[in-house]
Amino acid sequence: MPRKSFVPGAAVVAAAALAVGLAGCSGGSGQDGSGADAKGGSAASSNPAAEPGRYQTLPEACGLPSRSAIRGMLPGDDKSLSSAEADKLYRGQADITYDTDRRVGCRWTRETTAGTRHIGLDIQRVVSYDGAVSDDDKAQEIYDSKAQAAQIPSGAGSPSPASPSPSTPKGTDNAKDKAKSKGKDEGTGPVTNSAPDATDKDASGSPSQSSDPSAQPSGSTAPRALDDLADDAFLNDKLVTADSGVHRDVTVVFRTSNVIVTLTYDQWSTDKTMLPDSQELQDKARSLAGELSDSLSE
């Protein structure tokens, strides 16, 4: 029986192939941890997550304002309230939310012969899901969008003087100055929403009388940024005329760290000649906003 021939070259080729294969496996693991997993870990460690916001929970909204503040913003008339009615009125109605650590709210309403007043409180805790954006920065973005939507002038909180109304004839201001110097009141000119004299205020919260329901706040009562409230804040004021009457809506929005608070305060009047007073509503809304900011900072 003939023997099989031995080919030395074939053995050499096989041995070389085996050596190359082993070298490839060893090189794939990498002694310096530069494989795919190690690279991903290195990239993650070079970009640490942004810091979380100061607030991780939210307070109970209806219990945050003091009862005295709510009572002052919802004045009554000659009708007295029973203890049960007063407790229900000043306790407020909580908003329905699905996550009270992310958003809470409360509403208060009082109807009188002079009209109806509403207070609304919305508190939102902002959380950023982008590891490169902090909760505070995300809250700042949301606040800026609210200010832009309300068309709040940028810059300092002090508003620039309102420009004269196009319908006001030239020389009207001079005529008013002359009339004041003579101690006379001619009762002419456009209606403004500047703060009334103390003698004009009504303890019942009755709207001020006016013949111009379209008058908008101007001067010191114009929509503006508030420099002395929280991290960022603005105030908006709108007078709206509807078929059922006239109402003035005052809104204060402020941001403290990663929490945004929206406070709304409005007054309705069925008599369109009786305008809700801008200065009074703004002062009360601004005062409550300051109280809320202090409470959140504690």
Please examine the side chains of [Y] and [X], heavy atoms only from C-beta on, and report whether any two atoms are closer than 4.5 Å.
{"X": "Thr256", "Y": "Tyr55", "value": "yes"}
{"X": "Arg286", "Y": "Leu229", "value": "yes"}
{"X": "Arg67", "Y": "Asp87", "value": "yes"}
{"X": "Arg255", "Y": "Gln140", "value": "yes"}

Quick one: [atom1] on [X] to [atom2] on [Y], what's the gap to the nearest 0.5 Å?
{"X": "Ser66", "Y": "Leu288", "atom1": "OG", "atom2": "CG", "value": "7.5 Å"}
{"X": "Asp237", "Y": "Gln279", "atom1": "CG", "atom2": "CD", "value": "9.5 Å"}
{"X": "Ile123", "Y": "Thr100", "atom1": "CD1", "atom2": "OG1", "value": "11.5 Å"}
{"X": "Tyr90", "Y": "Ser68", "atom1": "OH", "atom2": "OG", "value": "11.0 Å"}
{"X": "Trp108", "Y": "Arg117", "atom1": "CH2", "atom2": "CZ", "value": "15.5 Å"}
{"X": "Asp232", "Y": "Asp227", "atom1": "CG", "atom2": "CG", "value": "9.5 Å"}

State whether the number of non-hydrogen atoms from other residues, nucleotides or ligands found under 6.0 Å of Gln56 atom CD is greater than 12.
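It does: Gln56 CD has more than 12 such atoms within range.
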
Taking atom CD of Glu141 as the centre, does the number of heavy atoms from other residues, nucleotides or ligands within less than 6.0 Å exceed 12?
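For Glu141, atom CD is crowded (more than 12 foreign heavy atoms under 6.0 Å).
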
Passes side chain to side chain contact (heavy atoms under 4.5 Å, CB included), Leu275 versus Val246? Steps please.
CA-CA 7 Å; Leu275 296 184; Val246 61; 4.1 Å; yes

Work out which heavy atom in Arg91 is nearest to a heavy atom in Cys62; give both atom names and the distance.
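Scanning both residues completely, I find the closest heavy atoms to be O-CB, 3.5 Å.
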
Show the nearest heavy-atom pair for residues Ser297 and Ser293, with the distance to one decimal.
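That would be OG-O, 2.9 Å.
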
Taking [Y]'s backbone N and O only, do any of them form a donor-acceptor pair with [X]'s side chain (distance below 3.5 Å, no angle check)?
{"X": "Asn236", "Y": "Thr251", "answer": "no"}
{"X": "Arg248", "Y": "Pro276", "answer": "yes"}
{"X": "Arg125", "Y": "Val259", "answer": "no"}
{"X": "Gln267", "Y": "Leu281", "answer": "no"}
{"X": "Lys238", "Y": "His247", "answer": "no"}
{"X": "Asn258", "Y": "Arg54", "answer": "yes"}
{"X": "Ser295", "Y": "Glu291", "answer": "yes"}
{"X": "Ser128", "Y": "Val133", "answer": "yes"}
{"X": "Thr97", "Y": "Arg103", "answer": "yes"}
{"X": "Asp95", "Y": "Arg107", "answer": "no"}

Hydrophobic clusters here meaning ILVMFWY residues chained together by side-chain heavy-atom distances under 4.5 Å, can you tell me if [X] and [Y] are in one?
{"X": "Leu89", "Y": "Met73", "answer": "yes"}
{"X": "Leu292", "Y": "Leu58", "answer": "yes"}
{"X": "Leu64", "Y": "Ile260", "answer": "no"}
{"X": "Leu226", "Y": "Leu263", "answer": "yes"}
{"X": "Leu81", "Y": "Ile119", "answer": "yes"}

Looking only at side chains, do Asp271 and Ser269 share a donor and an acceptor under 3.5 Å apart?
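Judged by distance alone, the side chains do not pair up.
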
Applying side chain to side chain contact (heavy atoms under 4.5 Å, CB included), name anything that partners Ser134, two or more places apart in sequence or on another chain.
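Counting only residues at least two positions away or on another chain, Ser134 forms a side chain to side chain contact (heavy atoms under 4.5 Å, CB included) with Ala50, Asp136, Asp137.
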
Between Glu85 and Lys88, does any NZ, NE, NH1 or NH2 come within less than 4.0 Å of an OD or OE carboxylate oxygen?
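Glu85 and Lys88: not salt-bridged.
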
Verdict with supporting geometry, Leu235 and Val252, side chain to side chain contact (heavy atoms under 4.5 Å, CB included)
CA-CA 5 Å; Leu235 181 148; Val252 177; 3.9 Å; yes

Which class fits the ring pair Tyr143 and Phe234: parallel under 30°, tilted 30 to 60°, perpendicular over 60°?
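Rings of Tyr143 and Phe234: tilted, 30 to 60°.
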
Output a table of donor-acceptor pairs, distance under 3.5 Å, between side-chain atoms of residues 146-153 and any protein atom two or more places apart or on a different chain; print 'none' if there are none.
none

